[in-house]
Participant: 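Please find one structure pasted underneath; my questions will follow.
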Amino acid sequence: MDGIHDMGGMHGFGAVPAETGDAVFREEWEARVHGMVYVLLGVGIGNVDAFRHAIERIAPKDYLRVGYYGRWIRAAESLLVARGLLRAGELQEALDGTRAPSATVRATAGPPADGFFREVEAAPRFAVGAAVRVRNLHPQGHTRLPGYVRGKCGVVGRVHPACILPDTNAHGQGECPEYLFSVRFEGRELWGDTAEPGAPVSVDLFDRYLEPV
(Lines give C-alpha, C1' and ligand atoms only; values in the text may rest on other atoms or scores of the structure.)
Protein backbone atom coordinates (compact mmCIF):
# COMPACT_ATOMS: atom_id res chain seq x y z
CA MET A 1 0.00 0.00 0.00
CA ASP A 2 1.08 3.58 -0.54
CA GLY A 3 1.82 5.56 2.59
CA ILE A 4 4.30 7.54 4.63
CA HIS A 5 6.40 4.41 5.24
CA ASP A 6 7.43 4.40 1.55
CA MET A 7 9.73 7.41 1.74
CA GLY A 8 12.37 6.42 -0.81
CA GLY A 9 13.20 9.39 -3.03
CA MET A 10 10.90 11.79 -1.17
CA HIS A 11 12.05 15.35 -0.50
CA GLY A 12 11.39 17.59 2.49
CA PHE A 13 12.60 15.48 5.41
CA GLY A 14 16.15 16.81 5.62
CA ALA A 15 19.42 14.94 5.58
CA VAL A 16 19.65 11.41 6.97
CA PRO A 17 21.90 11.60 10.04
CA ALA A 18 24.87 9.23 10.02
CA GLU A 19 25.03 7.40 13.35
CA THR A 20 28.35 6.35 14.84
CA GLY A 21 29.29 3.85 17.52
CA ASP A 22 28.23 0.28 18.17
CA ALA A 23 25.02 0.89 20.10
CA VAL A 24 22.14 -1.06 18.57
CA PHE A 25 19.50 0.51 20.80
CA ARG A 26 19.30 4.15 21.88
CA GLU A 27 17.21 3.40 24.95
CA GLU A 28 16.83 0.33 27.17
CA TRP A 29 13.11 0.04 26.37
CA GLU A 30 13.93 -0.38 22.70
CA ALA A 31 15.80 -3.62 23.42
CA ARG A 32 12.81 -4.89 25.41
CA VAL A 33 10.44 -4.07 22.56
CA HIS A 34 12.75 -5.81 20.10
CA GLY A 35 12.70 -8.99 22.18
CA MET A 36 8.97 -8.78 22.89
CA VAL A 37 8.03 -8.54 19.21
CA TYR A 38 10.18 -11.54 18.28
CA VAL A 39 8.51 -13.57 21.03
CA LEU A 40 5.03 -12.54 19.88
CA LEU A 41 5.80 -13.43 16.26
CA GLY A 42 7.36 -16.69 17.40
CA VAL A 43 4.20 -17.78 19.25
CA GLY A 44 2.06 -17.03 16.23
CA ILE A 45 0.25 -13.70 16.63
CA GLY A 46 1.24 -13.00 13.02
CA ASN A 47 4.03 -13.34 10.50
CA VAL A 48 6.67 -10.75 9.70
CA ASP A 49 4.71 -9.51 6.67
CA ALA A 50 1.54 -8.98 8.71
CA PHE A 51 3.70 -7.13 11.24
CA ARG A 52 5.13 -4.87 8.52
CA HIS A 53 1.62 -4.19 7.22
CA ALA A 54 0.53 -3.23 10.74
CA ILE A 55 3.36 -0.67 10.78
CA GLU A 56 2.20 0.67 7.40
CA ARG A 57 -1.30 1.29 8.80
CA ILE A 58 -0.05 3.67 11.51
CA ALA A 59 -1.39 7.19 10.90
CA PRO A 60 1.27 9.32 9.15
CA LYS A 61 1.52 11.87 11.97
CA ASP A 62 2.11 9.08 14.49
CA TYR A 63 4.45 7.19 12.18
CA LEU A 64 6.78 10.20 12.00
CA ARG A 65 6.44 11.03 15.70
CA VAL A 66 6.95 7.76 17.59
CA GLY A 67 10.23 6.58 16.04
CA TYR A 68 11.37 3.15 14.90
CA TYR A 69 10.61 1.06 17.98
CA GLY A 70 7.57 3.15 18.80
CA ARG A 71 6.18 1.84 15.51
CA TRP A 72 7.01 -1.71 16.63
CA ILE A 73 4.92 -1.24 19.78
CA ARG A 74 1.99 0.16 17.78
CA ALA A 75 2.16 -2.71 15.31
CA ALA A 76 2.37 -5.38 18.03
CA GLU A 77 -0.61 -3.84 19.81
CA SER A 78 -2.54 -3.80 16.52
CA LEU A 79 -1.91 -7.52 15.95
CA LEU A 80 -2.87 -8.41 19.53
CA VAL A 81 -6.11 -6.44 19.24
CA ALA A 82 -6.90 -8.00 15.86
CA ARG A 83 -6.63 -11.47 17.42
CA GLY A 84 -8.75 -10.60 20.40
CA LEU A 85 -5.86 -10.93 22.85
CA LEU A 86 -5.95 -7.26 23.83
CA ARG A 87 -8.72 -4.69 23.89
CA ALA A 88 -8.22 -1.43 22.01
CA GLY A 89 -6.89 1.14 24.47
CA GLU A 90 -6.03 -1.45 27.12
CA LEU A 91 -2.30 -1.00 26.72
CA GLN A 92 -2.55 2.76 27.27
CA GLU A 93 -4.71 2.18 30.34
CA ALA A 94 -2.02 -0.12 31.73
CA LEU A 95 0.66 2.49 31.02
CA ASP A 96 -1.47 5.14 32.73
CA GLY A 97 -1.87 2.85 35.76
CA THR A 98 -5.66 2.90 35.53
CA ARG A 99 -6.05 -0.75 34.67
CA ALA A 100 -3.90 -3.87 34.87
CA PRO A 101 -3.16 -5.59 31.51
CA SER A 102 -5.16 -8.77 30.98
CA ALA A 103 -3.67 -10.26 27.81
CA THR A 104 -2.39 -13.81 28.02
CA VAL A 105 -0.60 -14.94 24.89
CA ARG A 106 -0.32 -18.66 24.29
CA ALA A 107 1.55 -20.32 21.50
CA THR A 108 -0.68 -20.99 18.49
CA ALA A 109 2.00 -21.56 15.88
CA GLY A 110 5.75 -21.74 15.65
CA PRO A 111 8.08 -19.45 13.72
CA PRO A 112 8.31 -19.94 9.93
CA ALA A 113 10.01 -23.23 9.10
CA ASP A 114 12.97 -23.24 6.72
CA GLY A 115 13.21 -19.48 6.44
CA PHE A 116 11.62 -17.69 3.51
CA PHE A 117 13.08 -19.61 0.53
CA ARG A 118 10.83 -22.12 -1.24
CA GLU A 119 11.18 -24.63 -4.09
CA VAL A 120 9.09 -23.98 -7.23
CA GLU A 121 8.85 -26.10 -10.40
CA ALA A 122 8.88 -23.30 -12.98
CA ALA A 123 12.14 -21.74 -14.15
CA PRO A 124 12.79 -18.05 -13.45
CA ARG A 125 11.07 -15.79 -16.02
CA PHE A 126 14.11 -13.52 -16.32
CA ALA A 127 17.84 -14.24 -16.52
CA VAL A 128 20.80 -12.11 -15.46
CA GLY A 129 21.18 -9.27 -17.97
CA ALA A 130 17.49 -9.17 -18.97
CA ALA A 131 15.97 -5.70 -19.43
CA VAL A 132 12.82 -5.26 -17.35
CA ARG A 133 10.30 -2.57 -16.49
CA VAL A 134 8.63 -2.31 -13.09
CA ARG A 135 4.85 -2.44 -13.35
CA ASN A 136 3.00 0.62 -12.07
CA LEU A 137 1.11 -1.21 -9.33
CA HIS A 138 -0.65 0.39 -6.35
CA PRO A 139 -1.96 -2.52 -4.25
CA GLN A 140 -4.28 -1.72 -1.36
CA GLY A 141 -2.61 -4.23 0.94
CA HIS A 142 1.00 -4.95 1.83
CA THR A 143 3.67 -4.89 -0.86
CA ARG A 144 7.45 -4.81 -1.08
CA LEU A 145 7.35 -2.72 -4.25
CA PRO A 146 8.83 0.73 -3.52
CA GLY A 147 7.02 3.63 -5.17
CA TYR A 148 10.15 5.25 -6.57
CA VAL A 149 10.90 2.36 -8.96
CA ARG A 150 7.38 1.96 -10.41
CA GLY A 151 7.39 2.42 -14.16
CA LYS A 152 11.21 2.50 -14.27
CA CYS A 153 13.46 0.30 -16.39
CA GLY A 154 16.47 -1.65 -15.20
CA VAL A 155 18.55 -4.77 -15.75
CA VAL A 156 18.42 -8.01 -13.78
CA GLY A 157 21.70 -8.34 -11.90
CA ARG A 158 20.96 -11.45 -9.85
CA VAL A 159 18.30 -14.16 -9.62
CA HIS A 160 17.48 -15.21 -6.06
CA PRO A 161 15.67 -18.42 -5.10
CA ALA A 162 11.89 -18.30 -4.91
CA CYS A 163 10.67 -16.70 -1.68
CA ILE A 164 7.42 -16.34 0.23
CA LEU A 165 5.44 -13.50 -1.37
CA PRO A 166 4.81 -10.79 1.26
CA ASP A 167 1.82 -9.41 -0.67
CA THR A 168 -0.23 -12.54 0.08
CA ASN A 169 1.48 -13.80 3.22
CA ALA A 170 0.64 -10.58 5.09
CA HIS A 171 -3.07 -11.22 4.62
CA GLY A 172 -3.36 -14.95 5.28
CA GLN A 173 -3.67 -15.71 1.55
CA GLY A 174 -0.86 -18.26 1.43
CA GLU A 175 2.85 -18.20 0.76
CA CYS A 176 2.53 -18.07 -3.09
CA PRO A 177 6.34 -18.22 -3.57
CA GLU A 178 7.85 -16.34 -6.51
CA TYR A 179 11.37 -15.73 -7.75
CA LEU A 180 13.06 -12.61 -6.47
CA PHE A 181 15.22 -10.58 -8.86
CA SER A 182 17.85 -8.01 -7.96
CA VAL A 183 17.27 -5.24 -10.53
CA ARG A 184 19.89 -2.55 -11.17
CA PHE A 185 18.64 0.92 -12.04
CA GLU A 186 20.78 3.79 -13.23
CA GLY A 187 20.46 6.90 -11.09
CA ARG A 188 19.21 9.05 -13.97
CA GLU A 189 16.41 6.56 -14.66
CA LEU A 190 15.17 7.00 -11.09
CA TRP A 191 16.01 10.61 -10.28
CA GLY A 192 16.33 12.37 -13.65
CA ASP A 193 19.13 14.51 -15.05
CA THR A 194 20.08 15.88 -11.63
CA ALA A 195 20.98 12.40 -10.32
CA GLU A 196 24.48 11.83 -9.03
CA PRO A 197 26.58 10.40 -11.90
CA GLY A 198 27.64 6.78 -11.52
CA ALA A 199 25.24 6.05 -8.68
CA PRO A 200 23.21 2.94 -9.60
CA VAL A 201 20.61 1.49 -7.25
CA SER A 202 19.79 -2.23 -6.94
CA VAL A 203 16.37 -3.29 -5.63
CA ASP A 204 15.12 -6.84 -4.93
CA LEU A 205 11.77 -7.24 -6.71
CA PHE A 206 9.34 -10.14 -6.98
CA ASP A 207 8.37 -11.62 -10.34
CA ARG A 208 4.86 -10.14 -10.38
CA TYR A 209 6.25 -6.62 -10.07
CA LEU A 210 8.14 -6.91 -13.38
CA GLU A 211 7.48 -7.09 -17.11
CA PRO A 212 9.91 -7.58 -20.02
CA VAL A 213 11.06 -4.55 -22.01
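Just so it is clear, the structure is predicted and the values come from calculations on it, not from any experiment. These values consider heavy atoms only, across backbone and side chains, with no hydrogens, waters or symmetry-generated copies.
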Participant: Do we see a donor-acceptor contact under 3.5 Å between the side chains of Q92 and D96?
Facilitator: yes

Participant: Side chains of V132 and V155: does their closest heavy-atom pair fall under 4.5 Å?
Facilitator: no

Participant: Testing W29, F25, Y68 one by one against H34 for a ring pair (Phe, Tyr, Trp, His ring centres under 6.0 Å), which residue passes?
Facilitator: F25

Participant: Output yes when a side-chain donor or acceptor of E77 lies under 3.5 Å from a complementary backbone atom of I73, and no otherwise.
Facilitator: no

Participant: Kindly give the heavy-atom pair with the smallest separation between C153 and E189, and that separation in Å.
Facilitator: N-OE2, 2.8 Å

Participant: What about V43 and L86, same hydrophobic cluster or not, with Ile/Leu/Val/Met/Phe/Trp/Tyr joined at side-chain heavy-atom distances under 4.5 Å?
Facilitator: yes

Participant: State yes or no: do F185 and V128 share one hydrophobic cluster built from I, L, V, M, F, W and Y residues joined by side-chain heavy-atom distances below 4.5 Å, directly or via other members?
Facilitator: yes

Participant: CG of L145 to CG of L137: how many Å apart, nearest 0.5 Å?
Facilitator: 6.0 Å

Participant: Kindly indicate, with the supporting measurements, whether the criterion side-chain contact (heavy atoms from CB on, under 4.5 Å) is fulfilled by E178 and C163.
Facilitator: CA-CA 6 Å; E178 292 185 2; C163 301; over 6 Å; no

Participant: With a 4.5 Å heavy-atom cut-off, do T143 and P166 have their side chains touching?
Facilitator: no

Participant: Test side-chain contact (heavy atoms from CB on, under 4.5 Å) on I55 and R74; report intermediate values, then the result.
Facilitator: CA-CA 7 Å; I55 290 177; R74 298 292 183 96; over 6 Å; no

Participant: Do the charged groups of R32 and E28 touch, with an N to O distance under 4.0 Å?
Facilitator: yes

Participant: Evaluate L64 against F13 for side-chain contact (heavy atoms from CB on, under 4.5 Å), listing each step before the verdict.
Facilitator: CA-CA 10 Å; L64 296 174; F13 294 93; 4.2 Å; yes

Participant: Is a donor on one side and an acceptor on the other found under 3.5 Å between the side chain of H171 and the backbone of H142?
Facilitator: yes

Participant: Would you check if R65 and K61 make a side-chain contact, meaning some heavy-atom pair closer than 4.5 Å?
Facilitator: no

Participant: Less than 4.5 Å apart, side chain to side chain, heavy atoms only: is that true for V134 and V183?
Facilitator: no

Participant: If I compare all heavy atoms of A75 with all of F51, which pair ends up nearest, and what's the gap?
Facilitator: CB-CE1, 3.5 Å

Participant: Roughly how far apart are S78 OG and H53 NE2, rounded to 0.5 Å?
Facilitator: 9.0 Å

Participant: When you compare the side chain of D193 with that of R188, does any pair of heavy atoms fall below 4.5 Å?
Facilitator: yes

Participant: What pair of heavy atoms forms the shortest contact from A76 to L40, and how long is it?
Facilitator: CB-CD1, 4.1 Å

Participant: I'd like to know if the side chain of R158 and the backbone of F181 have a donor-acceptor N/O pair within less than 3.5 Å.
Facilitator: no

Participant: Please answer: with hydrophobic residues joined when any side-chain heavy atoms are less than 4.5 Å apart, are L80 and Y69 in the same cluster?
Facilitator: yes

Participant: Over all heavy atoms of both residues, which pair between P60 and I4 is shortest? Give the atoms and the distance, please.
Facilitator: CA-CG2, 3.8 Å

Participant: Examine the side chains of D167 and Y209 and answer whether a donor and an acceptor come within less than 3.5 Å of each other.
Facilitator: yes

Participant: For R135, does the CZ atom sit with more than 12 other heavy atoms under 6.0 Å from it, leaving out its own atoms?
Facilitator: no

Participant: Show, in sequence, the C-alpha distance, side-chain angles and deciding distance for R150 and H138, and conclude whether the side-chain hydrogen bond (donor to acceptor under 3.5 Å, both in side chains) test is met.
Facilitator: CA-CA 9 Å; R150 294 171 187 167; H138 296 267; 3.0 Å; yes

Participant: Between R52 and R144, is any pair of side-chain heavy atoms under 4.5 Å apart?
Facilitator: yes

Participant: Is there a donor-acceptor pair under 3.5 Å between the side chain of E175 and the backbone N or O of I164?
Facilitator: no

Participant: Does M36 share a hydrophobic cluster with V24, counting links as ILVMFWY side-chain heavy atoms below 4.5 Å and allowing steps through other members?
Facilitator: yes

Participant: When the ring planes of W72 and Y38 are compared, do they come out parallel, tilted or perpendicular, using 30° and 60° as the limits?
Facilitator: tilted

Participant: Show the nearest heavy-atom pair for residues F117 and P161, with the distance to one decimal.
Facilitator: CD2-CB, 4.0 Å

Participant: To the nearest 0.5 angstrom, please state how far the CZ atom of R208 sits from the CG atom of L205.
Facilitator: 13.0 Å

Participant: Do side-chain atoms of R125 reach the backbone of A122 as a donor and acceptor pair under 3.5 angstrom?
Facilitator: no

Participant: Output yes when a side-chain donor or acceptor of E90 lies under 3.5 Å from a complementary backbone atom of R87, and no otherwise.
Facilitator: yes

Participant: Between the main-chain N or O of D49 and the side-chain N or O of N169, is there a donor-acceptor pair closer than 3.5 Å?
Facilitator: no

Participant: Of the non-hydrogen atoms in D6 and G147, which two are nearest, and what is the gap between them?
Facilitator: OD2-N, 2.7 Å

Participant: Does the distance from a Lys or Arg side-chain N to an Asp or Glu carboxylate O, for R133 and E211, drop under 4.0 Å?
Facilitator: yes

Participant: Enter the distance from D207:CG to L165:CG here, rounded to the nearest 0.5 Å.
Facilitator: 9.5 Å

Participant: Answer yes or no: is there a side-chain heavy-atom contact under 4.5 Å between Y179 and F126?
Facilitator: no

Participant: Does R57 have more than 12 heavy atoms from other residues, nucleotides or ligands lying within 6.0 Å of its CZ?
Facilitator: yes

Participant: Under a 4.5 Å cut-off applied to non-hydrogen side-chain atoms, are N47 and L41 in contact?
Facilitator: no

Participant: Look at the side-chain heavy atoms of Ile, Leu, Val, Met, Phe, Trp and Tyr, link any pair under 4.5 Å apart, and say whether M7 and L190 land in one connected group.
Facilitator: no

Participant: Could you walk me through whether M1 and Q140 satisfy the side-chain contact (heavy atoms from CB on, under 4.5 Å) test, starting with their C-alpha distance in whole Å, then the side-chain angles of each, then the deciding distance to 0.1 Å, before giving a yes or no?
Facilitator: CA-CA 5 Å; M1 59 182 286; Q140 294 297 310; 5.9 Å; no

Participant: Examine distances only and state if a side-chain atom of S182 and a backbone atom of D204 form a donor-acceptor pair shorter than 3.5 Å.
Facilitator: no

